[in-house]
K.L.:
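If you scroll down you'll find the structure; I have some questions about it.
These values consider heavy atoms only, across backbone and side chains, with no hydrogens, waters or symmetry-generated copies. Numbers for residues simply follow the sequence, beginning at 1.
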Amino acid sequence: MDLSVCTISFRHQLISIDQIANWAKANHFQGIELWGAHARNLIETPQYDAEWLAGYGLRTTMISDYLPLQAENDILYPTVQNLARLAKHWGAKKIRTFAGGSSSSDTSETEFHDLVEKLQTICDWLAPHGINLVIETHPGTYADTVTASQKLIETVSRSNLQLNFDVLHIWESKADIITAVEQLAPHINHFHLKNISSADHLNVFSPPNVYSASGTREGIVPLFEGAVDYRSFLAHVQASDHHHLANVDASLEWFGNRCKATLKKDRYEIQKTHQQYTQSM
């Protein structure tokens with residue numbers, strides 16, 4: 001499992017892409033998940049690109065953005081094409097977005113049909129560029145449960161539409177995360193890894209709070225210290241009959257304070273878990 005650091009983790013810090021790359025290399029990450037806002041701003045300094053990042057032994061695993069799926073195609077098309085150009089510039093093969101802004105239970109059949117058509121269109125626009133559209137499993141979107149995520153992927157029926165399996169949000173949906181990863185395995189292209197002290201604090205990840213510099217960070221904890229059992233989950237991924245899961249890219253998505261110290265600790269705990277699994281075989 002190649003592990004990436006998310007540049008969004010440093011969204012409220014005065015830190016450069018050079019510093020992030022140096023730190024990621026020093027701590028043995030394999031990649032960077034580049035926030036769309038950062039990718040757009042960095043285009044003003046085009047010397048930062050895939051080749052530059054490769055000099056650190058790193059690659060851009062994914063550009064994470066928020067496509068305006070409610071927009072008309074004449075507005076959406078240039079947005080998608082610009083993201084495709086940014087992805088090519090950074091050597092990324094996938095773009096992350098969300099499946100609209102309504103939960104599956106609040107989505108009418110007409111709205112679902114419109115969502116499917118929009119995603120089909122975007123996938124068709126991205127296909128010539130060799131880019132995958134990766135839908136994040138997330139509350140408040142259509143992909144908020146295992147069943148809804150399966151239905152969406154199967155109905156859109158495009159080979160370049162895949163899933164970013166956010167382990168915490170799957171757990172939040174009340175699904176068993178190990179059963180869920182097996183059910184969704186054929187469609188998983190990326191993992192987001194983060195944790196919470198208890199379900200009582202899940203609202204900390206609501207966008208208005210988590211993107212706010214003054215938002216609370218109560219309940220956000222290191223990966224192996226929270227309510228989600230990541231040791232069992234990661235061990236299962238390594239041992240799964242879906243052998244490709246062990247090689248799926250993953251990102252440590254940290255939204256709390258003390259970014260570097262926490263990410264460094266989690267990185268090495270994941271490495272230790274992998275080594276323990278390997279030695280037990």
Side-chain angles (χ1 to χ4, degrees), residues 2 4-8 10-11 17 20-21 31-54 58-102 107 111-138 140-143 149 152-166 187-190 192 207 211 248-249 251 253:
D2 282 355
S4 293
V5 60
C6 299
T7 66
I8 197 173
F10 303 95
R11 66 204 178 284
I17 189 67
I20 293 174
I32 284 180
E33 179 182 321
L34 189 60
W35 195 24
H38 291 157
R40 281 187 287 274
N41 286 318
L42 285 168
I43 205 65
E44 295 181 5
T45 48
Q47 65 268 28
Y48 295 120
D49 61 4
E51 185 177 355
W52 169 82
L53 195 59
L58 300 167
R59 62 187 177 91
T60 307
T61 50
M62 185 162 69
I63 291 183
S64 291
D65 208 58
Y66 319 91
L67 288 172
L69 300 184
Q70 302 301 321
E72 297 297 328
N73 283 357
D74 60 343
I75 295 174
L76 185 59
Y77 179 78
T79 302
V80 171
Q81 293 302 320
N82 184 53
L83 268 177
R85 284 190 292 271
L86 289 173
K88 282 189 169 183
H89 182 78
W90 284 98
K93 297 296 184 183
K94 46 191 166 183
I95 293 169
R96 190 287 315 264
T97 196
F98 295 97
S102 299
T107 302
E111 290 167 335
F112 177 70
H113 178 266
D114 291 344
L115 175 63
V116 166
E117 277 198 342
K118 193 71 72 172
L119 292 176
Q120 288 174 330
T121 298
I122 295 170
C123 286
D124 292 343
W125 288 340
L126 291 175
H129 300 287
I131 295 173
N132 296 310
L133 184 65
V134 181
I135 299 295
E136 183 159 329
T137 56
H138 201 282
T141 73
Y142 191 85
S149 299
L152 183 65
I153 292 288
E154 291 167 4
T155 307
V156 172
S157 188
R158 294 293 189 274
S159 61
N160 62 331
L161 183 72
Q162 293 158 355
L163 289 176
N164 175 31
F165 186 101
D166 187 300
H187 311 300
I188 296 173
N189 187 295
H190 205 97
H192 266 177
Y211 293 131
V248 169
D249 293 324
S251 298
E253 195 182 32

K.L.:
Can you pull the salt bridge (Lys or Arg N to Asp or Glu O under 4.0 Å) pairs that have at least one residue in residues 71-91, sequence neighbours excluded?
P.N.:
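Every pair satisfying salt bridge (Lys or Arg N to Asp or Glu O under 4.0 Å) with a residue in residues 71-91: there are none.
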K.L.:
Please report the C-alpha distance between T61 and S4 in whole Å, then the side-chain angles of each, then the deciding distance to 0.1 Å, and finally whether the side-chain hydrogen bond (donor to acceptor under 3.5 Å, both in side chains) criterion is met.
P.N.:
CA-CA 7 Å; T61 50; S4 293; 2.8 Å; yes
K.L.:
Does Q70, at its CD atom, have more than 12 non-hydrogen atoms belonging to other residues, nucleotides or ligands within less than 6.0 Å?
P.N.:
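Count not over threshold, so no.
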K.L.:
Are L76 and W125 side-chain neighbours, meaning at least one heavy-atom pair lies under 4.5 Å?
P.N.:
yes
K.L.:
If you round to the nearest 0.5 Å, how far is CG of N41 from CD1 of I17?
P.N.:
11.5 Å
K.L.:
Counting only N and O atoms by type, is there a donor-acceptor contact under 3.5 Å from the side chain of N189 to the main-chain atoms of L163?
P.N.:
no
K.L.:
Under 3.5 Å, is there a donor-acceptor pair linking the side chains of N160 and K94?
P.N.:
no
K.L.:
Does the side chain of E253 come under 3.5 Å of the side chain of H192 through a donor N or O and an acceptor N or O?
P.N.:
yes
K.L.:
For the atom pair CD1 (I153) and NE2 (H187), what is the distance rounded to the nearest 0.5 Å?
P.N.:
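Here the rounded value is 6.5 Å.
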K.L.:
Roughly how far apart are I32 CD1 and L53 CG, rounded to 0.5 Å?
P.N.:
5.0 Å
K.L.:
Aromatic rings W90 and W52: how do their planes relate, parallel, tilted or perpendicular, breaks at 30° and 60°?
P.N.:
perpendicular
K.L.:
Between H190 and E136, is there a side-chain heavy-atom distance shorter than 4.5 Å?
P.N.:
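No, every pair of side-chain atoms sits at 4.5 Å or beyond.
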K.L.:
Determine whether R40 and D65 make a side-chain contact, defined as any pair of heavy atoms from C-beta on separated by less than 4.5 Å.
P.N.:
yes
K.L.:
Indicate yes or no for a side-chain donor-acceptor contact from R158 to the backbone of V156 under 3.5 Å, with no hydrogens or angles considered.
P.N.:
yes
K.L.:
Is any side-chain heavy atom of F10 less than 4.5 Å from a side-chain heavy atom of V5?
P.N.:
yes
K.L.:
Enter the distance from T97:OG1 to L67:CG here, rounded to the nearest 0.5 Å.
P.N.:
4.0 Å
K.L.:
Consider only side-chain N and O atoms of S149 and T137, and report whether a donor and an acceptor are under 3.5 Å apart.
P.N.:
no
K.L.:
Would you please name every residue forming a salt bridge (Lys or Arg N to Asp or Glu O under 4.0 Å) with D49, sequence neighbours left out?
P.N.:
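Partners of D49 under the salt bridge (Lys or Arg N to Asp or Glu O under 4.0 Å) test: none.
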K.L.:
Please examine the side chains of K118 and N73, heavy atoms only from C-beta on, and report whether any two atoms are closer than 4.5 Å.
P.N.:
yes
K.L.:
Counting only N and O atoms by type, is there a donor-acceptor contact under 3.5 Å from the side chain of T155 to the main-chain atoms of L152?
P.N.:
no
K.L.:
Look only at the side chain of Q162 and the backbone of S159, and say whether a donor-acceptor pair between them is shorter than 3.5 Å.
P.N.:
yes
K.L.:
For atom CD of E51, decide whether the heavy atoms of other residues, nucleotides or ligands shown that lie under 6.0 angstrom number more than 12.
P.N.:
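No, not enclosed.
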K.L.:
Can you measure from OG1 (T107) to NE2 (H113) and round to the nearest 0.5 angstrom?
P.N.:
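The distance works out to 14.5 Å.
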K.L.:
Under 4.5 Å between any side-chain heavy atoms of I135 and L119, yes or no?
P.N.:
yes
K.L.:
Can you name the salt bridge (Lys or Arg N to Asp or Glu O under 4.0 Å) partners of D114, sequence neighbours left out?
P.N.:
none
K.L.:
Do R59 and D249 have side-chain heavy atoms sitting under 4.5 Å apart?
P.N.:
yes
K.L.:
In terms of ring plane angle, is the pair Y211 and W35 parallel, tilted or perpendicular, where the classes change at 30° and 60°?
P.N.:
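Correct class here is parallel.
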K.L.:
How far does CG of L42 sit from OH of Y48, to the nearest 0.5 angstrom?
P.N.:
8.0 Å
K.L.:
Have S64 and E33 got a donor and an acceptor in their side chains that come within less than 3.5 Å?
P.N.:
yes
K.L.:
Examine distances only and state if a side-chain atom of N82 and a backbone atom of P78 form a donor-acceptor pair shorter than 3.5 Å.
P.N.:
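Not at all, since once roles are kept as given, no pair shorter than 3.5 Å links the two residues.
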